[in-house]
Every structure is written in C-alpha cells, then in structure tokens.
Amino acid sequence: MAAIFAFRCSCCGELHEGAPSIGFDAPHHYAGLNETERETLATLGSDLCTIDHDEGRDHFVRACLEIPIHGHGDPFIWGVWISLSAENFTRYQELPDPPPPGESYFGWFSNRLPGYPETLNLKTRVRPRGDNLRPWVELEPIDHLLSHDAQEGLTVARAQALAEPALHPD
Ligand SMILES: [Zn+2]
C-alpha cells in the first residue's frame, strides 16, 4: 500500500498530512479587477466564472489538475480555472451525468501557479467526469515544467517545496 503523504513544514513547523490540494478561488483575470469591476463585469461562483471586457466575455470553469507523487497513491491537486469558449461553457453546464464518453474541451490555463514559470494561457484539455466532481484538466505536452511534472510526477521533496509557499502565501 502506498504511504500516506505527510511532511514537517518548514514554514509553520506543523505536520501537514495528506496529499496537497491547493485551490484558487477565482481565475487570475478576476484577481486583477477592482471592486467595482467585479460587481459590474464579473460573476463568480464556486465552479463557474464570467468576466466581461471590451471585446466580449470570458468564460471560466474550475477544474482539477492532478499530478502524481512518486510512491504515494494520492496525487497533488491544483484547483485551477480554465477558460473555455462560450459554446463549450454552455455545453459544459448542460451536460448529462454521466457525461458522454470522450467529452472534452480545449481550454486556456487561467491561474499562475507558484513555483512554476508563467502558467497563464498554457493549452489544456478539460474532461468532465460527472458525479458532481470537478472536471480533470490535462496540459498539452509541451516543453514547460508544469507539463513535465504532470507527465513525470513529483518527488516527495518537490511536492513539499511546491506545497509550502502555496499553503502559506506571504
Ligand atoms: Zn505549514
């Protein structure tokens, strides 16, 4: 049986148990809006977000990027936002449960992950999985550290190094 992931945190000194799961409450684009803009231009829920701008409207869904941790059964999970086309955003919300086999959409990665080079606008594929679970997101296999990690998995030391600043921002 795979060991439970746990580490003594060099930030807070506590033992953090369980594979890290680090989520963003909103797309990066939302964080850049002031309070008035948030009220007038954006809608933000736990799983869906839209933001109006000069050229139209952006549509975001929250998804799970799961990265295996070597020697552990549970993955490192990033809860991130992905920008979909208007058409796919609507289709996603109207999906039956379970979704049709092979259902997936192109999307743009819409958060900046600490510990990585720029991750905004990486190309992804979003795969709905039904059962009230957030969809999986897969990165296009390109020469980027995040794409590499998603393919190869993380060492325990690297998972810890990524988790600590994300668990303790500032
Ligand atoms: Zn800590």
Side-chain angles (χ1 to χ4, degrees), residues 1-33 38 42 44-51 58-84 88-89 92 104-170:
M1 203 182 93
I4 298 292
F5 185 87
F7 65 91
R8 180 71 59 185
C9 182
S10 69
C11 294
C12 69
E14 298 294 316
L15 191 67
H16 290 302
E17 293 184 272
S21 180
I22 295 163
F24 292 83
D25 293 336
H28 174 74
H29 314 64
Y30 184 87
L33 302 177
R38 288 179 184 185
L44 176 66
S46 57
D47 295 274
L48 303 172
C49 177
T50 63
I51 301 176
D58 287 335
H59 305 80
F60 305 89
V61 298
R62 183 144 166 202
C64 298
L65 175 61
E66 301 191 350
I67 303 184
I69 302 173
H70 298 170
H72 292 270
D74 293 327
F76 192 120
I77 301 175
W78 291 102
V80 297
W81 293 81
I82 307 293
S83 171
L84 300 183
N88 284 336
F89 184 73
Y92 173 71
S104 75
Y105 317 112
F106 173 82
W108 300 102
F109 204 88
S110 299
N111 288 105
R112 289 186 153 155
L113 300 194
Y116 284 98
E118 181 60 84
T119 56
L120 275 184
N121 296 327
L122 290 176
K123 293 178 180 175
T124 75
R125 193 142 276 280
V126 173
R127 299 192 183 280
R129 51 180 161 168
D131 217 9
N132 286 322
L133 296 169
R134 288 178 171 139
W136 280 301
V137 58
E138 293 172 7
L139 292 160
E140 183 178 272
I142 54 160
D143 186 18
H144 187 286
L145 183 57
L146 185 58
S147 177
H148 177 269
D149 282 352
Q151 306 266 325
E152 303 294 324
L154 301 167
T155 63
V156 169
R158 178 138 175 78
Q160 178 174 351
L162 286 168
E164 285 184 354
L167 289 169
H168 303 288
D170 306 325

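The figures that follow rest on heavy atoms only: side chains count, while hydrogens, waters and symmetry mates do not.
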- Note on the structure: Shortest non-hydrogen pair, Asn111 vs Trp81, comes out as OD1-N, 2.7 Å

- Item | Expected output: side-chain Gln160 to main-chain Arg8 donor-acceptor under 3.5 Å | yes

- Item | Arg62 versus Gly23, closest heavy-atom pair with distance | NH2-CA, 3.5 Å

- Task: Taking the side chain as every heavy atom from C-beta outward, state whether Tyr92 and Leu48 have any pair of such atoms under 4.5 Å apart.
- Result: yes

- Query: Does the side chain of Pro20 come within less than 4.5 Å of Ile69's, by heavy atoms?
  - Reply: yes

- Under 3.5 Å donor-acceptor, Ser147 side chain and Ile142 backbone: yes

- Minimum side-chain heavy-atom gap Phe76-Asp149 below 4.5 Å: no

- Rounded to the nearest 0.5 Å, what separation is found between the CD atom of Glu164 and the SG atom of Cys11? 4.5 Å

- Query: Would the number of heavy atoms belonging to other residues, nucleotides or ligands and lying under 6.0 Å from CG of Asp25 be above 12?
  - Reply: no

- Assign the ring pair Phe60 / His29 to parallel, tilted or perpendicular, where the plane angle (0 to 90°) is split at 30° and 60°. tilted

- Query: Do Glu118 and Arg112 sit within salt-bridge range, that is, some charged N less than 4.0 Å from a carboxylate O?
  - Reply: yes

- Task: Locate the shortest heavy-atom distance separating Gly107 from Leu84; write the atom from each residue and the value.
- Result: CA-CD2, 4.2 Å

- Could you label the plane-to-plane angle of the Phe5 and His72 rings as parallel, tilted or perpendicular, counting under 30° as parallel and over 60° as perpendicular? perpendicular

- Which heavy atom in Pro141 sits nearest to a heavy atom in Gln151, and how many Å separate them? CB-NE2, 3.7 Å

- Message: Is it the case that the side chain of Glu66 and the backbone of Trp136 share a donor-acceptor pair, with hydrogens and angles ignored and the cut-off at 3.5 Å?
- Response: no

- Of all heavy-atom pairs linking Ala26 and Leu44, the shortest is CB-CD2, 3.9 Å

- Item | Note, His168 side chain near Cys9 side chain (heavy atom, < 4.5 Å) | yes

- Does Leu33 offer a backbone N or O that forms a donor-acceptor pair with the side chain of Arg38 under 3.5 Å? yes

- Can you name the closest pair of heavy atoms from Pro117 and His144 and give their distance? O-NE2, 3.6 Å

- Message: Has Thr119 got a side-chain atom pairing as donor or acceptor with Leu113's backbone, closer than 3.5 angstrom?
- Response: yes

- Is the backbone N or O of Ala19 less than 3.5 Å from a side-chain atom of Ser21, with the two atoms forming a donor-acceptor pair by type? no

- Is any side-chain heavy atom of Phe7 closer than 4.5 Å to a side-chain heavy atom of Val156? no

